[in-house]
J.: 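Questions regarding the structure given below will be posed in turn.
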Amino acid sequence: MMSVAYDFAHSPATEFMARPQRLLIDGRRVPASSGRTFKSLNPATGQVIATVAEGGEADVEIAVAAARRAFEGPWRTMRASERGQTLLRWADLLKRHSDEIIELESIDAGKPISATMRQDFPAAVDTLIYYAGWADKISGDVVPVRDDALTYTMREPVGVVAAIVPWNFPLMIGMWKLAPALACGCTIVMKPAELTSLSALRIAELALEAGLPAGVFNVVTGPGRVVGDALVNHPDVDKVTFTGSPGVGRGIMKGAASNFKRVSLELGGKSANVIFDDADLEAASKAAASGIFFNAGQVCSAGSRVLVQEKAYDEVVERLAARAKSLRIGDPLDRKTALGPVISEKQMKSILDYVDIGQKEGARLVTGGARIGERGYFISPTVFADVEHEMRVSQEEIFGPVVSVIKFKDEADALRIANGTAYSLAAGVWSRDVGKLQRFAKRARAGTVWMNTYGYTDVRLPWGGERDSGLGREHGTAALDNFTEPKAVWMNLAV
């Protein structure tokens with residue numbers, strides 16, 4: 001592993017981090033009502049990179065009130081085409097500040113800058129442009145019920161939205177929630193993850209510069225147990241959109257029942273990547289390694305269970321281990337880095353605990369499974385072989401660079417194992433037999449199935465799962481349903 005030593009030169013990103021990071025409410029950067037702050041750490045070094053306002057219930061009250069005023073006023077009454085143009089101006093500003101935002105995201109989240117440049121940032125901008133185009137195309141239908149009436153439907157914005165964003169893809173997943181909600185005419189109070197608050201605050205400043213009216217997009221930073229709970233329980237919040245853990249998701253559903261808020265949840269997975277013995281094993285192994293080690297395994301749809309048919313098992317294990325050993329680990333700002341740190345010391349300890357659990361359960365540690373260095377939160381990419389389906393490392397989401405390789409006999413056995421968890425977010429399948437691919441895709445319990453590839457997403461396709469993977473879908477036209485309410489209109493013509 002290379003050393004990690006940042007030179008905090010005067011780049012726009014480091015200059016931004018040097019500022020006191022206040023809340024953004026009603027178009028202004030303001031301190032928390034309590035005056036409290038917390039420290040944001042660089043996962044690659046453990047060093048403090050910013051001081052961030054610690055919002056509380058009082059700040060949520062102010063932010064929700066601002067969002068309600070903006071919803072009832074300038075944003076909802078603005079022409080839909082003008083809303084779309086405002087979002088496009090915002091997208092242009094993001095592109096103009098791309099170097100700053102990419103560097104900020106890389107430092108704050110410990111994400112390799114090459115991946116942020118290649119995926120996270122372009123996906124965020126693409127999402128914003130896509131939904132900007134939808135702003136003036138959200139329409140209803142004329143429904144011919146009877147001759148003496150004009151009957152039609154309208155789609156109206158749901159209202160004030162609480163967007164609670166995770167730390168693994170703060171910029172990209174944040175935009176998955178922001179862009180469709182704003183295009184539909186909703187207003188937002190966002191709570192970014194406490195560990196990764198910086199990109200949300202910066203893009204919110206650029207949104208104001210693009211012309212979003214004050215109160216349309218508010219950011220309240222702080223702990224989930226305070227800010228998140230206050231948003232979920234607030235009687236004037238109409239909708240909660242959340243990405244995170246199943247445990248927190250269950251709590252959100254309970255809190256949302258107070259005023260029957262609409263809820264959409266994306267809650268993670270334990271996705272199976274199934275490799276039949278007739279597959280292209282080189283391509284499958286390469287994609288399987290990427291599917292678990294990308295973003296240090298901190299991906300909801302990570303292919304953390306690689307299921308391999310018996311004849312190909314040993315070869316795939318060997319190929320996965322070789323790829324794990326070849327990954328360049330280190331400085332996220334080095335464009336050659338493939339694997340950065342995990343997000344925090346707490347997460348690192350949790351992952352290493354699972355490594356111990358796997359070995360105690362009888363899984364064979366082929367490679368990895370240890371902390372690298374004493375500075376930052378780096379873990380060597382880890383491959384477990386001889387994993388039994390019932391083991392905890394097979395059933396529980398580890399959210400780190402740890403893959404369990406599981407042997408199966410035939411199609412029925414592969415489906416039994418693939419579907420045999422509480423999650424149903426995604427799955428992959430590899431074979432040269434088209435019929436086999438189609439049979440698996442039809443029977444797999446997953447919101448997305450990849451055939452002879454793994455991990456791709458696009459804002460134009462629905463994204464989400466069922467069971468412990470969540471409720472509802474993001475992306476595409478499904479996201480428009482999340483942030484609008486249908487209304488039926490009946491006009492009597494016999495007068």
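Note that these values count all heavy atoms, side chains included, but never hydrogens, waters or copies made by symmetry. Residue numbers start at 1 and run along the sequence shown.
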J.: Within the structure provided, determine whether Pro157 and Trp75 are in side-chain contact (heavy-atom separation under 4.5 Å).
T.: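 Sidechains of Trp75 and Pro157: no contact.
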
J.: Could you tell me if Lys270 and Thr421 have a donor-acceptor pair between their side chains, going purely by distance under 3.5 Å?
T.: no

J.: Only one of Asn168, Asn295, Thr196 forms a side chain to side chain donor-acceptor pair (under 3.5 Å) with Lys111, so which one is it?
T.: Asn295

J.: Can we say Glu194 and Lys346 salt-bridge, meaning some charged N sits less than 4.0 Å from an Asp/Glu carboxylate O?
T.: no

J.: In Å, rounded to the nearest 0.5 Å, how long is the span from CD1 of Ile188 to OG1 of Thr241?
T.: 9.0 Å

J.: Give a yes or no on whether the backbone of Val393 and the side-chain of Ser404 come within a donor-acceptor separation of less than 3.5 Å.
T.: yes

J.: Closer than 4.0 angstrom, basic N to acidic O: yes or no for Arg250 and Asp468?
T.: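 Looking at Asp468 together with Arg250, the answer is yes, because their closest N to O distance falls below 4.0 Å.
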
J.: Can you tell me which residue among Glu105, Glu103, Arg335 is in a side-chain contact (heavy atoms from CB on, under 4.5 Å) with Met117?
T.: Arg335

J.: If you define the side chain from C-beta out and look only at heavy atoms, does anything of Tyr131 sit under 4.5 Å from Met175?
T.: no

J.: Do we see a donor-acceptor contact under 3.5 Å between the side chains of Asp108 and Ser40?
T.: yes

J.: Which atoms form the tightest heavy-atom contact between Ala53 and Phe38, and what is the distance?
T.: O-CE2, 3.4 Å

J.: What heavy-atom pair brings Val161 and Cys186 nearest, and what distance separates the two atoms?
T.: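 Result for this residue pair: CG2-CB, 3.8 Å.
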
J.: Which heavy atom of Leu265 sits nearest a heavy atom of Met253, and at what distance?
T.: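 It is CD1-CG, 3.6 Å.
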
J.: Is there a donor-acceptor pair under 3.5 Å between the side chain of Gln21 and the backbone N or O of Ala50?
T.: no

J.: What's the separation between atom CD in Glu474 and atom CD in Glu266, rounded to the nearest 0.5 Å?
T.: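 That separation rounds to 6.5 Å.
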
J.: Ignoring hydrogens and geometry, is there a side-chain-to-backbone donor-acceptor pair from Thr153 to Asp141 under 3.5 Å?
T.: yes

J.: Is Arg460 salt-bridged to Asp458, going by a charged N under 4.0 Å from an acidic O?
T.: yes

J.: A side-chain contact here means heavy atoms from C-beta on lying under 4.5 Å apart; do Leu23 and Thr221 qualify?
T.: yes

J.: Locate the shortest heavy-atom distance separating Val232 from Lys261; write the atom from each residue and the value.
T.: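 Minimum heavy-atom contact is O-NZ, 2.7 Å.
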
J.: Main chain of Gly73, side chain of Thr77: is a donor-acceptor contact present, judged purely on distance under 3.5 Å?
T.: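 Looks like yes, one N/O pair under 3.5 Å.
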
J.: Please check if the number of heavy atoms outside Glu57 that lie under 6.0 Å from its CD is greater than 12.
T.: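 12 or below, so no.
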
J.: Could you tell me whether a side-chain N or O of Asn452 sits under 3.5 Å from a main-chain N or O of Ala283, the two making a donor and an acceptor?
T.: no

J.: Start with the C-alpha gap between Ile351 and Val342, add the side-chain angles, then the distance that decides, and say whether side-chain contact (heavy atoms from CB on, under 4.5 Å) holds.
T.: CA-CA 9 Å; Ile351 295 165; Val342 297; 3.7 Å; yes

J.: Could you give the distance from OH (Tyr377) to CD (Gln347), rounded to the nearest 0.5 Å?
T.: 12.0 Å

J.: Ignoring hydrogens, what is the shortest heavy-atom contact between Val220 and Pro192? Give both atom names and the distance.
T.: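 Of all heavy-atom pairs spanning Val220 and Pro192, the closest is O-CD, 3.8 Å.
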
J.: Is any side-chain N of the basic residue among Arg83 and Asp136 closer than 4.0 Å to the acidic one's carboxylate O?
T.: no

J.: With rounding to the nearest 0.5 Å, note down the distance linking CD1 in Ile113 to CZ in Arg118.
T.: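 Taking CD1 in Ile113 and CZ in Arg118, the distance rounds to 12.0 Å.
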
J.: Do Asp59 and Val227 have side-chain heavy atoms sitting under 4.5 Å apart?
T.: no

J.: Ignoring hydrogens and geometry, is there a side-chain-to-backbone donor-acceptor pair from Asn259 to Val237 under 3.5 Å?
T.: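 Yes.
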
J.: Take Leu182 and Leu212, measure what side-chain contact (heavy atoms from CB on, under 4.5 Å) needs, and give me the verdict at the end.
T.: CA-CA 10 Å; Leu182 294 173; Leu212 259 72; 4.0 Å; yes

J.: Between Asp26 (side chain) and Ala63 (backbone), is there a donor-acceptor pair under 3.5 Å?
T.: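 Not a single qualifying donor-acceptor pair exists.
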
J.: Is it the case that the side chain of Thr453 and the backbone of Trp450 share a donor-acceptor pair, with hydrogens and angles ignored and the cut-off at 3.5 Å?
T.: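 No, because the side chain of Thr453 does not come within donor-acceptor range (under 3.5 Å) of the backbone of Trp450.
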
J.: Please find the pair of heavy atoms, one from Thr484 and one from Arg155, that lie closest to each other, and give the distance.
T.: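 Answer, listing the atom of Thr484 first, then Arg155: OG1-NE, 2.8 Å.
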
J.: Please verify the inter-ring angle class for Phe169 with Phe294; under 30° counts as parallel, over 60° as perpendicular, anything in between as tilted.
T.: parallel

J.: Assess the residue pair Leu94 and Leu206 against the criterion (side-chain contact (heavy atoms from CB on, under 4.5 Å)); give the C-alpha distance rounded to whole Å, side-chain angles, the decisive distance to 0.1 Å, and a yes or no.
T.: CA-CA 7 Å; Leu94 293 180; Leu206 294 175; 3.8 Å; yes

J.: Could you grab the distance from atom SG of Cys184 to atom CD1 of Ile138, nearest 0.5 Å is fine?
T.: 3.5 Å

J.: Ring-plane angle category for Trp176 and His475, please: parallel below 30°, perpendicular beyond 60°, tilted otherwise.
T.: perpendicular

J.: Cut-off 3.5 Å, side chains only: do Asp331 and Thr337 have a donor facing an acceptor?
T.: no

J.: Does a side-chain heavy-atom distance below 4.5 Å link Val60 with Lys191?
T.: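 No - every pair of side-chain heavy atoms lies 4.5 Å or more apart.
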
J.: Report the C-alpha distance between Lys177 and Thr243 in whole Å, list the side-chain angles of each, state the deciding distance to 0.1 Å, and finish with yes or no for side-chain hydrogen bond (donor to acceptor under 3.5 Å, both in side chains).
T.: CA-CA 10 Å; Lys177 301 177 186 308; Thr243 299; 2.9 Å; yes

J.: To the nearest 0.5 Å, what is the distance between CZ (Arg68) and CG (Asp238)?
T.: 4.5 Å

J.: Check whether Asp126 reaches the backbone of Pro122 with its side chain - one donor and one acceptor, N or O, closer than 3.5 Å.
T.: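 Checking the backbone N and O of Pro122 against the side chain of Asp126, no donor-acceptor pair under 3.5 Å is found.
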
J.: Might you confirm whether atom CZ of Arg19 has over 12 heavy atoms from other residues, nucleotides or ligands at distances under 6.0 Å?
T.: yes

J.: Take Ser301 and Thr448 through the test side-chain contact (heavy atoms from CB on, under 4.5 Å) and record every step on the way to the result.
T.: CA-CA 9 Å; Ser301 57; Thr448 294; over 6 Å; no

J.: So, Trp430 and Asn273: side-chain donor and acceptor under 3.5 Å apart, yes or no?
T.: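 Side-chain D/A pair, Trp430 to Asn273: present.
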
J.: Describe, in one word, how the ring planes of Tyr130 and Trp134 are oriented to each other, choosing from parallel (under 30°), tilted (30 to 60°) and perpendicular (over 60°).
T.: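 Correct class here is perpendicular.
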
J.: Under a 4.5 Å cut-off applied to non-hydrogen side-chain atoms, are Ile49 and Leu198 in contact?
T.: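 They are in side-chain contact.
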
J.: Side chains of Ile398 and Ser304: does their closest heavy-atom pair fall under 4.5 Å?
T.: no

J.: Using 4.0 Å as the upper bound for N to carboxylate O, is an ion pair formed by Arg89 and Glu209?
T.: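 Arg89 and Glu209: not salt-bridged.
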
J.: Inspect the surroundings of NZ in Lys487 and state if more than 12 heavy atoms from other residues, nucleotides or ligands are less than 6.0 Å away.
T.: no

J.: Side chains of Ser98 and Phe121: closer than 4.5 Å at any heavy-atom pair?
T.: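 Yes - at least one pair of side-chain heavy atoms lies under 4.5 Å apart.
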
J.: Can any side-chain N or O of Thr151 pair as donor or acceptor with the backbone N or O of Val143 at less than 3.5 Å?
T.: yes

J.: With a 3.5 Å cut-off and no angle check, do the side chains of Lys39 and Thr51 form a donor-acceptor pair?
T.: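 There is such a pair (donor and acceptor under 3.5 Å, judged by atom type) between the side chains of Lys39 and Thr51.
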
